[in-house]
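This report refers to the structure that appears directly beneath it.
Both counts, for ligands and for their atoms, begin at 1 and track the order of listing. Keep in mind that what you see is a predicted model, and the values were worked out from it rather than measured.
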Amino acid sequence: MRKLIAVIEVFVFLAFIFTGCAAPDTQEEDLIVIGMSQTGAESDWRAANTESMQAVFTEKNGYRLLYDDARQQQENQIAAIRRYIQEKVDYIVVMPISESGWDAVLQEAYDAGIPVIIVDRMVDISDESLVTAHVGANFYAEGERAVAWMENEFPADQEINIVHIQGTQGSSAQIGRTQALTEAVEGNPQWNIICSMDGDFTQAKTYEVMKEYLAGCEVLPEIDVVYCENDNEAFGAIIALGEYGYRIGEGGTQIIAFDATKQALLYCREGKISVCIECNPMLGPLVESCISAMERGEKVDRYQYVDEGYFTSVDITDELLDSRSY
Ligand code: AHR
């Protein structure tokens, strides 16, 4: 019998050689294939988010992660999703650049029977069942935290001038954070948005638009608050303001930043950033537990939000900084 098995094995081996096929790797076949479409690499937050996904979706954990960097273009994300559908991946994970424009491609994934998990930002679709789950942040709640800090920081009768630097237009992070500020300004007659700009969540763009704005002012305005919709925008704004002689910090121009990356927390301790509103990029483990629950045949919650807080200089301990990996 053993001899017969050995002969069959040799025969199968030779058949693969002559037909040009590689012998199937059973381990490889067992892996759960994830097709991931990432927004790009615009910020430190984004790099941490990608790393968090790559750290959990490893072969050791039973996964093969296909990664696509959309370089800030929604059409690249749509093309990647269509490729993943053709490749018949097991799950599609998307960090959407903007909220609109997803109905058609998500319907295609749904028709192909591939579950889609939306991570970080949200999509605005007419049929929510096209998305199996959303794992991310509540950006409006983050904005409310920033506004609450301002209400606490400034006396109600004090006139304050705000420069608003928005993130990528149409992204959930921009929409939620902007909406919270807009509503607060409507409710506080003493608050004036003296300038609103698009910083696209990057340091370079923010530095550029901030300098352009200041260069165009006949008289440099008094700026009490710069509401930056992420840390990298804050870094760019701080440099530009510094070049124009603004005093940054309490008693001068106060910077609000979203994300709470390590560099921003360090700036906060130094007083360069007055408040860091946290946005947690470490979403990999939550997405992984969602997928492994589905693999076990369990139903998962459609909306899963991460816990987040905020930090001012008094909260920035060495322990906090040491524990911050991003
Ligand atoms: O969607 C999350 C936002 O996108 C983060 O605040 C920002 O840094 C990132 O690029």
*Verify the distance criterion only: is there a donor paired with an acceptor across the side chains of E159 and N192 at less than 3.5 Å?*
yes

Quick one about Q174 and E229 (side-chain donor to acceptor, distance below 3.5 Å, no hydrogens or angles considered), yes or no? no

Residues with a heavy atom under 4.0 Å from ligand 1, by chain and number, are E42, S43, W45, R46, D120, R121, F139, A173, R177, N230, D259

Given the options D315, D318, T312, R269 meets side chain to side chain donor-acceptor pair (under 3.5 Å) only with D318

Strictly distance-based, threshold 3.5 Å: is any side-chain N or O of H134 a donor or acceptor partner for the main-chain N or O of D120?
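Pair found, side chain donor or acceptor close to backbone of D120.
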
* Hey, is the main chain of L66 close enough, under 3.5 Å, to the side chain of Y84 for a donor-acceptor pair? -> yes

Q. Any side chain to side chain donor-acceptor pair (under 3.5 Å) pairs touching residues 245-256, not counting sequence neighbours?
A.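 For residues 245-256, and leaving out neighbouring residues, the side chain to side chain donor-acceptor pair (under 3.5 Å) pairs sorted by first residue read E153-Q254, Q254-S274.
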
